[in-house]
Amino acid sequence: MTTIQQNLDTVRRQIAQSAQQCNRDPQQIQLIAVSKTKPVMAIQEAIDAGQRRFGENYVQEGVDKIQHFADSSFASQLEWHFIGPLQSNKTRLVAEHFDWMHTLDREKIAQRLSDQRPAGMPPLNVLIQINISDEQSKSGITLAELPVLAAQISTLPNIVFRGLMTIPAPEPDPERQIAVFRQMEQALDQLKADYPQVDTLSMGMTDDMAAAIRAGSTMVRIGTAIFGARDYSSATH
Ligand SMILES: *Cc1c(COP(=O)(O)O)cnc(C)c1O
């Protein structure tokens with residue numbers, strides 16, 4: 001087993017453990033392996049260990065990786081999640097290549113994704129990003145802005161509104177982490193009343209995964225714990 005495969009094993013065990021501690025079924029929590037800045041060889045190792053869902057932050061890098069694996073025998077099993085900030089001039093590549101988009105924060109982007117989703121592909125699954133810690137610099141909308149954006153995007157034909165995503169401000173205290181994530185859980189519950197297709201809560205990274213699972217996360221996005229620390233020094237983006 002390679003290091004990445006051992007790491008994957010460990011993360012899967014941690015997910016199962018966290019789920020059991022709060023009486024959740026571990027199957028309700030999907031693991032998104034965040035492979036940004038990592039080479040295709042690292043992704044291949046994860047695929048060989050059974051991982052099928054991957055998250056990418058940079059449009060062109062993500063598309064290059066999707067295309068790298070497009071001719072493989074397992075291509076149809078792979079699920080690609082766009083989890084980075086998206087400018088409106090890059091929406092077409094996301095619409096044409098990805099299965100999920102986690103960072104929707106304005107109607108214009110939703111409209112373009114729906115318009116640009118190719119006929120013959122299933123609708124793009126989208127999550128609205130919530131700025132739960134209300135940091136000035138971070139992307140996402142506030143919970144107060146959620147009802148309007150949810151109503152706007154849920155009528156678009158080629159995207160499906162599936163739920164919410166958040167990246168809270170770093171917080172060392174696990175109890176505080178849980179309290180912040182609980183606000184997301186409540187918001188999701190309220191949404192479900194109006195939007196029956198809403199079922200997804202994307203939250204939890206390497207440093208706050210257990211707290212996110214405790215507060216109802218259904219998708220954890222894990223990079224460092226699987227692929228190791230990232231090196232941005234040679235990045236082109
Ligand atoms: C990089 C990134 C992750 C993974 O973070 P780690 O701390 O390495 O697990 C998850 N979500 C988003 C949106 C990211 O940009």
Side-chain angles (χ1 to χ4, degrees), residues 1-12 14-15 29-72 74-75 77-105 109 113 124-127 129 131 133 135 137-140 165-171 202-210 212 217 219-237:
M1 258 207 288
T2 67
T3 305
I4 288 173
Q5 291 169 345
Q6 283 168 356
N7 290 345
L8 257 176
D9 256 19
T10 305
V11 169
R12 286 175 183 146
Q14 287 167 342
I15 291 172
I29 301 144
Q30 298 182 347
L31 172 58
I32 313 298
V34 176
S35 41
K36 63 181 179 219
T37 78
K38 298 295 177 179
V40 290
M41 263 314 296
I43 297 176
Q44 183 66 59
E45 286 181 29
I47 291 171
D48 291 343
Q51 180 64 29
R52 294 292 179 265
R53 299 183 169 99
F54 293 91
E56 288 286 337
N57 286 59
Y58 310 101
V59 179
Q60 193 57 55
E61 179 187 334
V63 170
D64 289 347
K65 289 172 177 173
I66 292 169
Q67 285 175 334
H68 175 87
F69 291 105
D71 294 328
S72 63
F74 43 79
Q77 297 169 31
L78 299 180
E79 198 177 273
W80 295 96
H81 295 245
F82 186 76
I83 62 171
L86 183 59
Q87 297 163 351
S88 57
N89 63 347
K90 301 269 182 70
T91 52
R92 180 175 297 280
L93 284 171
V94 172
E96 289 179 346
H97 295 278
F98 283 83
D99 302 294
W100 285 76
M101 193 282 191
H102 289 226
T103 53
L104 194 68
D105 62 0
I109 298 280
L113 290 170
L124 179 70
N125 298 290
V126 303
L127 303 175
Q129 182 174 0
N131 183 350
S133 312
E135 296 164 279
S137 60
K138 284 273 172 63
S139 35
M165 177 272 210
T166 198
I167 310 170
E171 164 62 59
S202 167
M203 58 189 197
M205 303 173 32
T206 293
D207 289 334
D208 56 14
M209 184 178 82
S217 172
M219 271 183 189
V220 290
R221 308 177 310 268
I222 307 299
T224 308
I226 296 172
F227 296 110
R230 286 177 291 273
D231 176 8
Y232 289 98
S233 60
S234 62
T236 51
H237 30 261

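With rounding to the nearest 0.5 Å, the separation of CG in Leu127 from CE in Met203 is 12.0 Å. Taking NZ from Lys90 and OH from Tyr58, the interatomic distance works out to 11.5 Å, rounded to the nearest 0.5 Å. Here CD of Gln30 is found 9.5 Å from OG of Ser217. Values are rounded to the nearest 0.5 Å. Here the CG atom belonging to Leu8 is positioned 5.5 Å from the CD atom belonging to Gln51, to the nearest 0.5 angstrom. Note that the CG atom of Asp48 and the CD1 atom of Ile4 stand 10.5 Å from one another [nearest 0.5 Å]. In this structure, CD on Gln14 lies 6.5 Å from OG1 on Thr10, to the nearest 0.5 angstrom.
Taking the six-membered ring where the residue is Trp, His81 and His102 present perpendicular rings, their angle passing 60° and hence far from 30°.
With sequence neighbours left out, the side chain to side chain donor-acceptor pair (under 3.5 Å) criterion links Gln87 to no other residue. Listed by chain and number, the residues in a side chain to side chain donor-acceptor pair (under 3.5 Å) with Asn7 amount to none (sequence neighbours excluded). By the side-chain contact (heavy atoms from CB on, under 4.5 Å) test, Asp9 is found to be paired with Met1, Arg12, Arg13, residues two or more places apart in sequence or in another chain being considered. Remark: Glu45 engages Thr2 in a side chain to side chain donor-acceptor pair (under 3.5 Å) (not counting sequence neighbours). Take Asp105 and apply the side-chain contact (heavy atoms from CB on, under 4.5 Å) test, not counting sequence neighbours, and it matches Ser139, Ile141. Under the rule for a side chain to side chain donor-acceptor pair (under 3.5 Å), Gln6 has no partner lying at least two apart in sequence or in another chain. Taking Ala169 as the reference, Ser133, Glu135 meet the side-chain contact (heavy atoms from CB on, under 4.5 Å) condition, with sequence neighbours excluded. Partners of Lys36 according to the salt bridge (charged side-chain N to carboxylate O under 4.0 Å, His left out) rule, which considers only residues two or more places apart in sequence or in another chain, do not exist here. Qualifying salt bridge (charged side-chain N to carboxylate O under 4.0 Å, His left out) partners for Arg230, counting only residues two or more places apart in sequence or in other chains: none.
Within a 6.0 Å radius of CG in Asp71, other residues, nucleotides and ligands contribute 12 heavy atoms or fewer.
With hydrogens and angles disregarded, a donor-acceptor distance shorter than 3.5 Å links the side chain of Lys65 to the backbone of Ser35. The closest donor-acceptor contact from the side chain of Asp64 to the backbone of Glu61 lies at 3.5 Å or more, if one exists at all.
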**Request:** In sequence, state the C-alpha distance, the side-chain angles, and the governing distance for Glu79 and Arg52, and then conclude on salt bridge (Lys or Arg N to Asp or Glu O under 4.0 Å).
**Result:** CA-CA 6 Å; Glu79 198 177 273; Arg52 294 292 179 265; over 6 Å; no

**Message:** Between Leu31 and Ile15, is the side chain to side chain contact (heavy atoms under 4.5 Å, CB included) condition met? List the steps.
**Reply:** CA-CA 9 Å; Leu31 172 58; Ile15 291 172; 4.0 Å; yes

**Request:** For side chain to side chain contact (heavy atoms under 4.5 Å, CB included), just list the numbers for Phe69 and Leu78, CA-CA rounded to whole Å, side-chain angles, deciding distance to a tenth of an Å, and then say yes or no.
**Result:** CA-CA 9 Å; Phe69 291 105; Leu78 299 180; 3.8 Å; yes

**Asked** Should Thr206 and Val11 be marked as a side chain to side chain contact (heavy atoms under 4.5 Å, CB included) after you check the CA-CA gap, both sets of side-chain angles, and the distance that decides it?
**Response** CA-CA 9 Å; Thr206 293; Val11 169; over 6 Å; no

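Here the side chains of Ile43 and Phe54 are in contact, with some heavy-atom distance below 4.5 Å. A heavy-atom distance below 4.5 Å is not found between the side chains of Asn125 and Met101. Two residues are said to be in side-chain contact when any heavy atoms from C-beta on lie closer than 4.5 Å; Glu56 and Ile83 fail this criterion.
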For residues 219-229, which side-chain donor-acceptor pairs fall under 3.5 Å, sequence neighbours excluded?
{"from": "Arg221", "atom 1": "NH1", "to": "Ser202", "atom 2": "O", "distance (Å)": "2.9"}
{"from": "Arg221", "atom 1": "NH1", "to": "Ser202", "atom 2": "OG", "distance (Å)": "2.9"}
{"from": "Arg221", "atom 1": "NH2", "to": "Thr166", "atom 2": "O", "distance (Å)": "3.2"}

Using a 3.5 Å cut-off and no angle test, enumerate the donor-acceptor pairs between side-chain atoms of residues 91-99 and protein atoms at least two apart in sequence or in another chain.
{"from": "Thr91", "atom 1": "OG1", "to": "Ser88", "atom 2": "O", "distance (Å)": "3.1"}
{"from": "Thr91", "atom 1": "OG1", "to": "Arg112", "atom 2": "NE", "distance (Å)": "3.1"}
{"from": "Thr91", "atom 1": "OG1", "to": "Gln116", "atom 2": "OE1", "distance (Å)": "2.7"}
{"from": "Asp99", "atom 1": "OD2", "to": "Trp80", "atom 2": "N", "distance (Å)": "2.8"}

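The two residues Met165 and Thr103 come nearest to each other via the heavy atoms CE-CG2, 3.9 Å. Of all non-hydrogen atoms in Ala212 and Gly204, the two that sit nearest each other are CB-CA, 3.4 Å.
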